[in-house]
Amino acid sequence: MFPAPFDYHRPGSLDETLVLLAQYGGDARVLAGGQSLIPAMRFRLARPAVLVDINQLDELAYVREADGMLAIGALARDAALERSSLIESSYPLLFDTSAVVADPVVRQMGTVVGSLCHNDPSGDWSVTALASRAQIVVRGSTGTRVVPIDEFLVDSFSTAVAEGEIALEVRFPSPPPRTSGSYQKIERKVGDFATSAAAAQITLGDDGTVAQIGIAIGAAGPTATRVADAESALRGIKPTKDAIRAAADAARKIADPVADPRGSVEFKKDMAGVLVGRALLAAFERLGVGGLR
Amino acid sequence: MKISVTVNGKRYERDVEPRTLLAYFLRESLGLTGTHVGCDTSSCGVCVVVLDGEKAVKSCTMLAVMADGHEIMTIEGLVQGGVLHPLQQGFWDQHGLQCGYCTPGMMMTSWVLLKQNPNPSEAEIREGLSGNLCRCTGYQNIVKAVEQAAAAMQSQPVETVA
């Protein structure tokens with residue numbers, strides 16, 4: 001099936017992009033990698049009257065560290081993270097995630113920011129963004145604002161990006177020393193949507209207690225979901241088997257999946273717990289903390 | 001909308017609707033039917049082509065207008081002067097295909113894989129091709145074909161148009 005007809009614009013600058021977005025408002029959608037938007041348009045789940053293609057804006061294709069943040073521009077492809085030695089060495093949660101988004105070919109076009117903007121309930125980056133407390137830089141013709149990920153993910157396929165605005169960049173706080181993380185995902189086959197997913201990021205203090213922690217689950221509600229009770233179960237203490245079990249139980253409790261051919265509600269709720277447990281174990285073990293299995 | 005796309009080294013100018021997908025542009029506007037259309041939903045990988053000599057892309061999930069001003073290489077661009085590309089030779093020698101439907105996508109994905117990683121392990125080949133489905137030969141011989149091509153290209157680098 002072909003997309004419904006639309007008007008196509010390919011601005012040569014960010015200023016021109018903002019003018020077009022202001023002009024067309026809610027009729028316009030930004031086209032980056034297109035790996036979610038184009039299939040949605042083909043299924044007629046999305047019928048934007050106007051596409052604003054930003055693929056010419058090479059200046060948005062960056063992945064760089066600055067001011068204590070990792071900044072990923074709107075045109076940085078998933079594959080750029082997967083091949084980055086900086087991501088591999090310093091951002092284990094992001095590196096894990098980049099290797100399991102869709103499939104290797106889709107990742108050559110798909111973008112991190114585009115995935116966050118699509119906000120599919122089963123998307124990967126939104127889960128990881130919650131666990132690592134990311135922020136999204138959103139610009140409109142009247143100015144720029146920085147939106148915490150918890151406020152950015154409004155509802156399924158809906159974000160805090162308003163009419164006339166564009167998400168320019170996602171920022172991940174650079175992990176302090178003794179930080180690690182892990183992304184865990186169950187999928188029926190490479191490229192399928194997640195049956196269930198979980199992300200965890202942990203920072204240990206000098207005394208071995210958990211100083212900072214982020215835990216989130218995917219494919220378990222209208223959007224990726226922070227599991228605050230799981231974070232509370234571990235924050236401020238030295239990790240124990242019981243605390244990890246309590247965190248996993250908190251994920252089971254809060255998970256609100258839908259039944260589909262990938263699994264029943266009961267199964268997916270259980271998997272949310274299993275994957276939170278695995279993500280925590282992997283993160284602690286990467287930090288050299290064993291004996292938790 | 002008028003677009004200009006270089007395909008396999010030759011420049012084409014055509015008028016297309018913005019909603020035209022690249023796979024259909026290649027097949028129907030340019031008559032390059034070596035690029036196949038399978039699932040049409042970005043899942044199977046038979047439509048993979050190479051964009052700007054560096055990205056393997058599913059051409060059913062890219063608009064033809066997005067290729068305006070860019071270079072595309074399709075399966076038709078692999079053969080040079082009547083000599084099969086090492087990937088083509090590898091698929092032939094190793095029986096890497098039966099029906100041939102997935103083959104163009106397998107080869108174009110492998111072309112980028114070998115460009116980025118000229119000496120991949122078996123696991124890296126399997127991972128690299130995990131977005132491409134084969135429903136008859138099975139993957140064993142496809143992996144062997146790519147291994148043969150990698151070895152051949154290491155000993156005698158080839159040039160392609162893209």
Side-chain angles (χ1 to χ4, degrees), chain A residues 1-10 12 29 31-58 61 75 77-80 82-83 98-111 114 187-193, chain B residues 1-3 16-25 28 37 39-70 105-106 108-113 115-117 120 124-133 139:
Chain A
M1 199 162 168
F2 288 84
F6 54 85
D7 288 333
Y8 174 82
H9 296 272
R10 189 170 53 229
R29 285 290 296 270
L31 173 66
Q35 301 300 291
S36 296
L37 181 56
I38 292 173
M41 289 172 66
R42 300 195 63 171
F43 286 118
R44 308 286 170 109
L45 298 169
R47 298 181 73 136
V50 177
L51 277 191
V52 179
D53 179 355
I54 61 166
N55 279 282
Q56 208 156 286
L57 307 184
D58 291 336
L75 213 51
R77 317 284 171 177
D78 293 320
E82 201 180 354
R83 288 200 289 266
S98 71
V100 296
V101 174
D103 71 49
V105 175
V106 170
R107 293 199 292 271
Q108 297 181 41
M109 277 299 272
T111 64
E187 56 185 356
R188 293 183 302 180
K189 59 173 270 295
V190 169
D192 191 20
F193 290 103
Chain B
M1 178 179 169
K2 206 161 206 115
I3 63 171
V16 298
E17 258 195 289
R19 62 176 173 160
T20 306
L21 298 153
L22 180 59
Y24 293 84
F25 172 75
E28 294 171 9
V37 174
C39 69
D40 232 1
T41 55
S42 186
S43 302
C44 77
V46 308
C47 66
V48 171
V49 299
V50 178
L51 172 64
D52 294 331
E54 61 176 15
K55 285 191 181 83
V57 300
K58 295 188 176 179
S59 62
C60 79
T61 306
M62 178 169 167
L63 303 169
V65 289
M66 293 166 77
D68 184 21
H70 290 268
M106 289 287 178
M108 302 323 284
T109 304
S110 300
W111 191 92
V112 173
L113 174 70
K115 183 173 182 188
Q116 292 169 351
N117 182 1
E124 286 169 336
I125 294 171
R126 287 184 183 276
E127 158 65 18
L129 290 175
S130 60
N132 297 67
L133 298 183
Y139 301 97

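Sequence lines set the chain letters: A, B, ... in the order given, protein chains first and strands last, and positions in each chain run from 1.
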**Fill in**
Value for CD (A:Gln108) from NZ (B:Lys58), rounded to nearest 0.5 Å, stands at 10.0 Å
**Message:** I need the residue from A:Gln35, A:Met41, A:Lys189 with the largest number of non-hydrogen atom pairs under 4.5 Å to chain B.
**Reply:** A:Gln35
**Asked** Is it true that atom CZ of A:Phe193 has more than 12 heavy atoms of other residues, nucleotides or ligands lying nearer than 6.0 Å?
**Response** no
**Item:** Closest contact, heavy atoms only, B:Leu21 versus A:Met1
**Value:** CD1-O, 4.5 Å
**Prompt:** If you round to the nearest 0.5 Å, how far is CG of A:Leu37 from OG1 of B:Thr61?
**Reply:** 11.0 Å
**Asked** Can you find a heavy atom in the side chain of A:Arg42 that is under 4.5 Å from one in the side chain of B:Cys60?
**Response** yes
**Request:** Evaluate whether atom NZ of B:Lys2 has more than 12 neighbouring non-hydrogen atoms of other residues, nucleotides or ligands under 6.0 angstrom away.
**Result:** no
**Asked** So which part of A:Ala4 gets closer than 4.5 Å to some heavy atom of chain B, the side chain, the backbone, both or neither?
**Response** backbone
**Prompt:** Is any side-chain heavy atom of A:Asp53 closer than 4.5 Å to a side-chain heavy atom of B:Leu63?
**Reply:** no
**Request:** Identify which part of B:Leu51 has an atom lying under 4.5 Å from any heavy atom of chain A, answering side chain, backbone, both or neither.
**Result:** side chain
**Request:** Could you tell me which non-hydrogen atom of B:Pro18 sits nearest to which non-hydrogen atom of A:Phe6, and how far apart they are?
**Result:** O-CZ, 3.4 Å
**Asked** Can you say whether B:Glu127 sits under 4.5 Å from chain A via the side chain, the backbone, both, or neither, judging by heavy atoms?
**Response** both
**Request:** Mind ranking B:Asp68, B:Thr20, B:Val48 by heavy-atom pairs under 4.5 Å with chain A and telling me who comes out on top?
**Result:** B:Asp68
**Request:** Flag yes if more than 12 heavy atoms outside B:Arg19 fall under 6.0 Å of its CZ atom; otherwise flag no.
**Result:** yes
**Item:** A:Phe2 atom CZ: more than 12 heavy-atom contacts under 6.0 Å
**Value:** yes
**Message:** Using heavy-atom distances under 4.5 Å, tell me whether B:Thr109 contacts chain A through its side chain, its backbone, both, or neither.
**Reply:** side chain
**Asked** Do you know which two heavy atoms are closest between B:Met66 and A:Gly33, and how far apart they sit?
**Response** CE-O, 4.2 Å
**Fill in**
Looking only at A:Asp7, A:Leu31, A:Asn55, the option with the highest number of non-hydrogen pairs under 4.5 Å against chain B is A:Leu31
**Prompt:** Which atom names give the shortest non-hydrogen contact between B:Ser42 and A:Val106, and what distance separates them?
**Reply:** OG-CG2, 3.7 Å
**Request:** Below 4.5 Å from any heavy atom of chain A, which atoms of B:Val57 appear? Answer side chain, backbone, both or neither.
**Result:** both
**Asked** For B:Leu113, is it the side chain, the backbone, both, or neither that has a heavy atom closer than 4.5 Å to a heavy atom of chain A?
**Response** neither
**Shortest non-hydrogen contact between A:Pro104 and B:Ser130, atoms and distance** = CD-OG, 3.2 Å
**Prompt:** For B:Gln116, does its backbone N or O pair with a side-chain atom of A:Arg83 as donor and acceptor, under 3.5 Å?
**Reply:** no
